[in-house]
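So that the names make sense, note that chain A is the first sequence line, chain B the second, and so on, each numbered from 1.
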There are 4 protein chains.
Amino acid sequence: MMDPQKLLQELLKISDDDKDITPKQAKIIQAAIEIFAEKGYASASTSEIAKRAGVAEGTIFRHYKTKKELLLSIVSPMIIKFAAPFFAETFIRQVFKDHEDKGFEELLRKLIQNRYEFVKNNVPLLKIVLQEMAFHPEIQQAYKQVFTEKVLPKFKKMVEYYQDKGELRNDFSVDTTIRLVINTAVGFMVTRFIVMPDYPWDDEKELENTIQYIKDGIFS
Amino acid sequence: MMDPQKLLQELLKISDDDKDITPKQAKIIQAAIEIFAEKGYASASTSEIAKRAGVAEGTIFRHYKTKKELLLSIVSPMIIKFAAPFFAETFIRQVFKDHEDKGFEELLRKLIQNRYEFVKNNVPLLKIVLQEMAFHPEIQQAYKQVFTEKVLPKFKKMVEYYQDKGELRNDFSVDTTIRLVINTAVGFMVTRFIVMPDYPWDDEKELENTIQYIKDGIFS
Amino acid sequence: MMDPQKLLQELLKISDDDKDITPKQAKIIQAAIEIFAEKGYASASTSEIAKRAGVAEGTIFRHYKTKKELLLSIVSPMIIKFAAPFFAETFIRQVFKDHEDKGFEELLRKLIQNRYEFVKNNVPLLKIVLQEMAFHPEIQQAYKQVFTEKVLPKFKKMVEYYQDKGELRNDFSVDTTIRLVINTAVGFMVTRFIVMPDYPWDDEKELENTIQYIKDGIFS
Amino acid sequence: MMDPQKLLQELLKISDDDKDITPKQAKIIQAAIEIFAEKGYASASTSEIAKRAGVAEGTIFRHYKTKKELLLSIVSPMIIKFAAPFFAETFIRQVFKDHEDKGFEELLRKLIQNRYEFVKNNVPLLKIVLQEMAFHPEIQQAYKQVFTEKVLPKFKKMVEYYQDKGELRNDFSVDTTIRLVINTAVGFMVTRFIVMPDYPWDDEKELENTIQYIKDGIFS
DNA sequence: CATGAATGAGGATTCATTCAT
DNA sequence: TATGAATGAATCCTCATTCAT
């Protein structure tokens, strides 16, 4: 038995894909993340990446056959990591068995808090994913697959479960409910970290308000 | 006196920036919109735009000094148009005087429906704005200015007004309330037209659900 | 009616493919021929070609999408031109009707002399063809097609005709005869212009000897 | 005293340059021969050679200082081996003393048959020599030296001898005679193994025809 | 106004070669 | 001896922009 705090923390470290990486390679990835995030994949030049990584341009291509492969090597693991909480086999069982009493609200709170921390620690990477998804079918594909195979099914079960319990309104379809929740959560993070990162956010309060909003809307 | 239906319709046609445009220029803009939306500004080549427009490469540069000027000539008016409803002097007065009885919900409904139609008719253009805003400070600036000077003040007044009336919960700050509403509305449209345009949407219902969600959240 | 001298001269100028060519383009082709011949296609750099042509490197790619296209635009017409004498409809008829009295020897003499002049005037180009054929299937294909469809059939008719007349030995198959003749003629030219261009050749005598050799071998 | 059969067989194994070669080195040479023959020296990359040889890139440069040295280490021995029959001191003496009765024809036959076997067993290597000679002065030099110092003198003596005997026509200069013979023989092999290796050759007959052609020409 | 040839800087990528392990 | 990561010059090619017609 594990308390949910720990559970979700666990789920983050899904893959250690940073193994077998030379120091130069690590510097390349770091530089690439920065520059891709700053100017976008298409406008980033491998020569600039090499310069910032303190590496010869050729070194990039020794490790990544193409510039695109470099992008994907950065972006692919992100998708999985972002959906990580939904990967754990135990996740949904935990929810139902040990913590059902706490209800959907508590589950939501944990989830959003956890993903909030994740996003906070991976802003440039997520910027890249958001930007480049639009133009790279491979990324869309990967995202779609993870979402429809891993995230959606579990999310659906959750929503159905709490709808049956009468905790969630059931005049919204499951899909609609999920869409609204995800929109609100993701929207918060995008606004918080990407659109207006410089606004003087009171994160704790804003997080709580967001959860309340999802719960009750804005009407009194 | 004007009924709100007409009011909002009016607000759409703010600027006729399609004046004094040669047919070739129009074809260039059309082609540019398509290609910028398809592959992004950085990956779009002026030669491809010229080809699709059925124009010589030089012709583009006769009308737009640089490729970036072409982008801005496309993007700039969009920002104003998207915020159009908030531009009309009469807008807020209308709200307060003639139609206060209908309440925030009705106002919201009109606004969202109207912007929904607008987005529906300008998907590629909005794709471009969303994508390129990240990398072009000029666009961010323009957006920020319009938002803080035009949209935000009026939105604030509205929210304050309805909070005072007790129609909106006031444990949320005005800013937070606005953020949540805009997030939900924009999130819907982005999901609807950009992320999942091929999903079999029941637009009317989804629109209504979104409004209800803003109002009441998802809890029963 | 045309005397065979003129006939063969005519056949040389098959296509004027140098039309619609800008002066820069002409200089590019000239430079490319020189450099391809000097160092081979693979070792020739487009930047060097541009330099020698007095043109920006980009200009090359405005006219030829790829370096290979530049090569083919040079090589392709050569193949046809080299086989030119066999293209004329009237060629073989001329041989049979008006000049049969002169026999195979005279025909051979005219042919070899004519091709000798052609080769003499196109040494670098032929060097390129010989070298690059080995590595470019497109060139092999083109050569094969021209040879099997145009050259071989007419050559066969000629040899058969003179074998029937008893002028040529018929213990050699037609194919073998053709191979031996072409080998000897081509071999002469390759030796003369490519292998040992600096040897003090007495061209007229050597040409005549080659013809005699084909006729009588080297035994007394 | 040695019968000529054996003599010529002997001449083949002139140098055992395969000594002191590590297994890796042998694999490198084998891979290099294949790849040089397939795509030409300039288009062959050391990394591809290393890969096909199952060796690290660095290993190639441990044995051969440069890519070119690798080429020369492959090509140089070929030149000597191809001219091998003319190297043996005893060769010409054999011809004159023991076997003069058999005449030039028999000598030619032996020579051509022997070289035919050699070429047959070394097609890729000869392809490389033919291709690269054009661009590498070192190879030309080596070839020229071997040819003028070893092959030509002996060949000249032979031809002079048989001209004096009245067996060969003497209205052809010695040089011309040699050129014609070599052209015909080499031309056959190039056609046989390089230009048209897939043609259904009747080697024995074609070889014999070639010899007859050299002897008697093609006229009846 | 419109054209399209020309430009040259810059892009991604390749490759022979070096060197620390 | 063998490795393979690292190099950086060189390669082919693209592209925004200019300008003479």
Side-chain angles (χ1 to χ4, degrees), chain A residues 21-25 27-28 41-51 53-70, chain B residues 22-25 28 41-51 53-70, chain C residues 21-25 27-28 41-51 53-70, chain D residues 22-25 28 41-51 53-70:
Chain A
I21 262 184
T22 72
K24 301 243 171 195
Q25 203 173 346
K27 295 222 275 179
I28 289 168
Y41 171 77
S43 299
S45 80
T46 51
S47 93
E48 193 184 352
I49 294 172
K51 209 169 287 163
V55 161
E57 211 175 340
T59 307
I60 293 178
F61 292 92
R62 169 156 288 276
H63 294 290
Y64 307 93
K65 266 200 288 294
T66 63
K67 186 187 167 192
K68 186 152 197 177
E69 198 181 297
L70 173 58
Chain B
T22 70
K24 299 239 171 200
Q25 205 171 346
I28 288 168
Y41 171 78
S43 300
S45 80
T46 49
S47 94
E48 192 184 352
I49 294 171
K51 206 171 290 163
V55 182
E57 278 209 66
T59 307
I60 292 178
F61 291 90
R62 186 145 290 279
H63 293 289
Y64 307 93
K65 264 203 288 294
T66 63
K67 185 188 168 190
K68 186 152 199 177
E69 199 181 296
L70 173 58
Chain C
I21 261 185
T22 71
K24 300 242 171 198
Q25 204 174 344
K27 294 222 275 179
I28 289 168
Y41 171 78
S43 300
S45 80
T46 51
S47 93
E48 193 184 353
I49 294 172
K51 209 169 288 163
V55 161
E57 207 175 344
T59 307
I60 292 178
F61 292 92
R62 170 155 288 276
H63 294 291
Y64 306 93
K65 267 200 287 292
T66 62
K67 186 187 167 192
K68 185 152 197 178
E69 198 180 297
L70 173 58
Chain D
T22 72
K24 298 237 173 203
Q25 205 171 346
I28 289 168
Y41 170 77
S43 299
S45 79
T46 50
S47 94
E48 193 184 352
I49 294 171
K51 205 171 293 162
V55 181
E57 277 209 67
T59 308
I60 292 179
F61 291 91
R62 186 144 288 280
H63 293 289
Y64 307 93
K65 264 202 289 294
T66 63
K67 186 186 168 193
K68 187 152 197 176
E69 199 180 295
L70 173 58

Sugar-phosphate, base or nothing in reach of A:T22, heavy atoms under 4.0 Å: sugar-phosphate

Touch class at under 4.0 angstrom, heavy-atom based, for A:T59 against every strand present: base

Nearest-0.5 Å distance, [atom1] of residue [X] to [atom2] of residue [Y]:
| X | Y | atom1 | atom2 | result |
| --- | --- | --- | --- | --- |
| C:H63 | C:K24 | NE2 | NZ | 9.0 Å |
| C:I60 | C:K65 | CD1 | NZ | 15.5 Å |
| C:Q25 | C:T22 | CD | OG1 | 4.5 Å |

Spacing of C:E57 atom CD relative to F:dA10 atom C1', expressed in whole Å: 10 Å

Interatomic distance, B:I49 CD1 vs F:dT14 P [rounded to whole Å]: 17 Å

Residue B:S45, side-chain atoms from C-beta onward, closest of F:dA16, F:dT11, F:dT3: F:dA16

DNA chain F base-pair string [pairs: Watson-Crick or G-U under 3.5 Å; |: paired with another strand]: .||||||||||||||||||||

Criterion side chain to side chain donor-acceptor pair (under 3.5 Å) against A:T46, the qualifying member of A:E57, A:K51, A:K67: A:E57

Phosphate OP1/OP2 of F:dT11 contacted by C:T46 side-chain N/O (<4.0 Å): no

Whichever of D:A44 and B:V55 has its nearest DNA chain E nucleotide further upstream toward 5': B:V55

Full working for side-chain contact (heavy atoms from CB on, under 4.5 Å) between B:F61 and B:L70: CA-CA 9 Å; B:F61 291 90; B:L70 173 58; over 6 Å; no

Span of DNA chain E, from the first to the last nucleotide whose atoms fall under 4.0 Å of chain D heavy atoms: E:dC15 to E:dT18

Residue mapping more 5' on DNA chain F - nearest nucleotide basis, C:G58 or A:A56: A:A56

Which residue lies more 5' along DNA chain F, comparing C:Y41 with A:P23 via nearest heavy atoms: A:P23

Crowding at NZ, A:K68 (>12 non-hydrogen neighbours, <6.0 Å): yes

Within residues 61-70 of chain C, residues whose heavy atoms come under 4.0 Å of DNA chain E: C:R62, C:H63

Audit row: B:V55, B:I49, side-chain contact (heavy atoms from CB on, under 4.5 Å) steps and yes/no: CA-CA 8 Å; B:V55 182; B:I49 294 171; over 6 Å; no

Atom of C:A42, atom of D:S43 and distance for their closest heavy-atom approach: CB-OG, 3.2 Å

